[in-house]
Amino acid sequence: MTTENLSDVTTGTSTTETGSDSTDNANYADSRDTTEGRVYTVSGGDWDDVIADAQHDERMVINMGPQHPSTHGVLRLVLEMEGETVTQLRSVIGYLHTGIEKNCEYRTWTQGVTFVTRMDYLAPLSTEMAYCLGVEKLLQIEAPRRAQLLRVMLLEINRIGSHLVYIATGGMELGATTAMTLGFREREEVLHLLEHLTGLRMNHAFIRPGGLAQDMPADYVEVVKAFLKTMKERLPLYDKLFTGQPIWRNRLKGVGYLPVDACLALGVTGPVLRSAGLPWDLRKTEPYSCYDEFEFDVPVDNGADCWSRYLIRVHEMHESLKIIEQCLEKLEPGPVMVEDKKIAWPAQLSIGSDGMGNSLEHVKKIMGQSMESLIHHFKLVTEGFKVPPGQVYAPVESPRGELGVHLVSDGGTRPLRVHVREPSFVNLQSMPAMAEGGLVADVIAAIASIDPVMGGVDR
């Protein structure tokens with residue numbers, strides 16, 4: 001056994017010809033001796049790039065986030081500042097990455113719904129809707145009319161809840177603490193209603209390929225009408241508290257300016273685009289799920305700033321109430337899932353005592369009367385249904401803008417590829433354009449006006 005290439009344990013340095021002396025600090029971190037001992041300064045990653053850019057003596061670089069109460073979750077903003085003016089802004093994401101898209105490729109088409117609903121956790125039904133529309137396009141099927149109308153109703157209830165969180169969190173971040181208490185009070189009404197209708201407050205997985213998981217409860221009309229009455233009484237309070245408030249107006253007016261050409265160049269959609277004067281709303285421009293039958297307005301403004309985005313979202317909540325009312329008028333009895341038994345899972349199951357959708361009546365029927373039904377149910381739940389080969393893109397108008405799902409099928413029971421065009425992710429590109437040249441305090445207003453959800457950004 002040779003000892004030529006062994007390290008010298010007394011010094012810790014390599015004794016080979018290519019070894020280096022430990023006193024050579026060229027490749028090591030900078031150090032300095034203090035009364036407490038030697039201290040090393042370690043740097044690296046994107047921070048080095050930022051420091052290298054900040055050559056001006058009067059400028060400083062600071063981190064806002066990712067553990068910051070005003071960056072809408074785990075978002076890190078690296079700000080280069082001169083005094084209180086932001087000269088450069090970089091958005092750093094990835095702190096909430098969950099790999100949802102890749103996970104969907106290892107599950108059946110129906111199981112994918114339970115993953116995508118967790119992306120935008122403030123508007124989970126929008127993601128479910130886009131995903132299911134994509135699967136239905138590949139299957140070349142259409143959900144029954146009752147299911148389509150109920151989907152619209154649920155989406156608009158969810159839109160109101162999402163916009164309420166925008167007002168609540170945006171107001172709180174700018175110092176209007178009453179906005180938080182009021183916004184979440186009204187959102188609680190939304191979540192109570194969704195829980196009554198779907199069984200869950202959030203992450204519903206209620207919209208399924210082919211229709212809905214189940215029909216509405218027997219008293220849904222009375223419950224939804226009570227919700228409409230409550231919201232019509234409470235929404236005017238927001239105009240009284242904020243729209244006519246000079247401090248709120250001055251805090252948002254002219255802040256986070258992003259004109260229509262910049263929106264188009266960056267792919268920005270939703271209230272941010274409509275605040276710049278372009279009435280692009282997929283519910284009107286590319287209608288889906290019976291939206292072309294409804295009478296409602298698309299709020300538009302030309303201020304292109306935080307104030308316009310606030311006005312648009314408040315107006316949109318009133319329009320959503322109008323759509324929900326029309327849904328109740330249009331709804332008629334009928335199926336909420338396609339008739340094809342090879343796809344229709346598990347709409348025919350009533351909720352059992354375990355809350356899992358396996359009632360004793362159904363279990364008794366398929367186990368005691370029909371072996372074929374039991375086999376079919378088992379294979380449908382464990383293997384799932386096959387989807388013809390192809391690829392499709394299905395967009396919907398989420399509260400944050402165009403949310404599209406790109407699905408690729410190889411003819412199997414699982415997606416070959418799932419990719420989501422998440423509006424929070426795309427819209428976040430506009431942060432430097434909105435914030436650079438403005439004050440650091442206005443960064444908070446700008447990020448709140450985009451209303452990003454980091455679960456959707458990182459997914």
Among residues at least two apart in sequence or on other chains, which ones pass side-chain contact (heavy atoms from CB on, under 4.5 Å) with Thr230?
Glu189, Arg234

Side-chain donor-acceptor contact under 3.5 Å, Asn63 with Arg76:
yes

Those residues that, when tested against Leu237, pass side-chain contact (heavy atoms from CB on, under 4.5 Å) (two or more places apart):
Leu182, Arg185

With a 4.5 Å cut-off on side-chain heavy atoms, are Lys284 and Glu397 touching?
no

Does Glu339 CD have over 12 foreign heavy atoms under 6.0 Å away?
no

Could you walk me through whether Lys322 and Glu325 pass salt bridge (Lys or Arg N to Asp or Glu O under 4.0 Å), step by step?
CA-CA 5 Å; Lys322 286 164 55 177; Glu325 275 185 320; over 6 Å; no

Which pairs of donor and acceptor atoms, one on a side chain in residues 251-264, lie under 3.5 Å apart (sequence neighbours left out)?
unit_1: Arg251; atom_1: NH1; unit_2: Asp442; atom_2: OD1; d: 3.0
unit_1: Arg251; atom_1: NH2; unit_2: Ala441; atom_2: O; d: 3.0

Would you mind listing every salt bridge (charged side-chain N to carboxylate O under 4.0 Å, His left out) that reaches into residues 299-316, with sequence neighbours excluded?
Arg274-Glu316

Once rounded to the nearest 0.5 Å, what's the spacing between atom CG of Leu235 and atom NE2 of His315?
11.5 Å

Examine distances only and state if a side-chain atom of Asn103 and a backbone atom of Gly99 form a donor-acceptor pair shorter than 3.5 Å.
yes

Output every pair passing salt bridge (charged side-chain N to carboxylate O under 4.0 Å, His left out) with a member in residues 137-150, not counting sequence neighbours, ordered by first then second residue.
Arg145-Glu293, Arg146-Asp215

Gly210 backbone acceptor or donor facing Glu136 side chain under 3.5 Å:
yes

Cys104 SG to Leu416 CG distance, which is reported to the nearest 0.5 Å:
13.0 Å

Met202: which residues meet the side-chain contact (heavy atoms from CB on, under 4.5 Å) condition with it, sequence neighbours left out?
Tyr121, Arg187, Leu191

In sequence, state the C-alpha distance, the side-chain angles, and the governing distance for Asp219 and His196, and then conclude on side chain to side chain donor-acceptor pair (under 3.5 Å).
CA-CA 10 Å; Asp219 62 343; His196 185 76; 2.8 Å; yes

Counting only heavy atoms not in Met172, do more than 12 sit closer than 6.0 Å to its CE atom?
no

With sequence neighbours left out, what residues match Tyr310 under ring-ring contact (aromatic ring centres under 6.0 Å, His included)?
Trp248, Trp307

Please collect all salt bridge (charged side-chain N to carboxylate O under 4.0 Å, His left out) contacts where either partner lies in residues 414-438, sequence neighbours excluded, each pair once.
Glu105-Arg417

For residues 282-302, pull every pair meeting ring pair (Phe, Tyr, Trp, His ring centres under 6.0 Å), keeping only residues two or more places apart or in separate chains.
Tyr288-Tyr291

Should Leu212 and Met337 count as side-chain neighbours, where that means a heavy-atom distance under 4.5 Å?
no

Only counting residues at least two apart or in another chain, list the ones meeting salt bridge (charged side-chain N to carboxylate O under 4.0 Å, His left out) with Arg201.
Glu188

For Leu75 and Val457, run side chain to side chain contact (heavy atoms under 4.5 Å, CB included): C-alpha distance rounded to whole Å, both residues' side-chain angles, the deciding distance at 0.1 Å, then the answer.
CA-CA 9 Å; Leu75 171 65; Val457 173; over 6 Å; no

Result block: side-chain N/O donor-acceptor pairs under 3.5 angstrom for residues 383-393, not counting sequence neighbours:
unit_1: Glu383; atom_1: OE1; unit_2: Lys379; atom_2: NZ; d: 3.4
unit_1: Glu383; atom_1: OE2; unit_2: Lys379; atom_2: NZ; d: 3.2
unit_1: Gln391; atom_1: OE1; unit_2: His406; atom_2: NE2; d: 2.8
unit_1: Tyr393; atom_1: OH; unit_2: Glu402; atom_2: OE2; d: 2.7

Do Leu138 and Trp109 come close enough that some side-chain heavy atom pair is under 4.5 Å?
yes

Between Val405 and Leu407, which heavy-atom pair has the shortest distance, and what is it?
CG1-CD2, 3.6 Å

If we count only N and O atoms by modelled type, under 3.5 Å, do the side chains of Gln111 and Thr108 hold a donor and an acceptor together?
yes

Are Leu164 and Met317 close enough that some pair of their side-chain heavy atoms sits under 4.5 Å apart?
yes

If we only count heavy atoms from C-beta on, is the Val272 to Ser449 side-chain gap below 4.5 Å?
no

Roughly how far, to the nearest 0.5 Å, is the CD1 atom of Ile207 from the OG1 atom of Thr127?
9.5 Å

Can you name the residues that form a side-chain contact (heavy atoms from CB on, under 4.5 Å) with Val224, not counting sequence neighbours?
Met153, Leu193, Leu197, Leu228, Ile324, Leu328

Within 6.0 angstrom of Glu222 CD, more than 12 heavy atoms from elsewhere:
yes

State, with a plain yes or no, whether a side-chain heavy atom of Arg283 is found less than 4.5 Å away from one of Glu156.
yes

Enter the distance from Asp281:CG to Ile312:CD1 here, rounded to the nearest 0.5 Å.
10.5 Å

Should the heavy atoms of other residues, nucleotides or ligands under 6.0 Å from CZ of Phe425 be counted, would the total exceed 12?
no

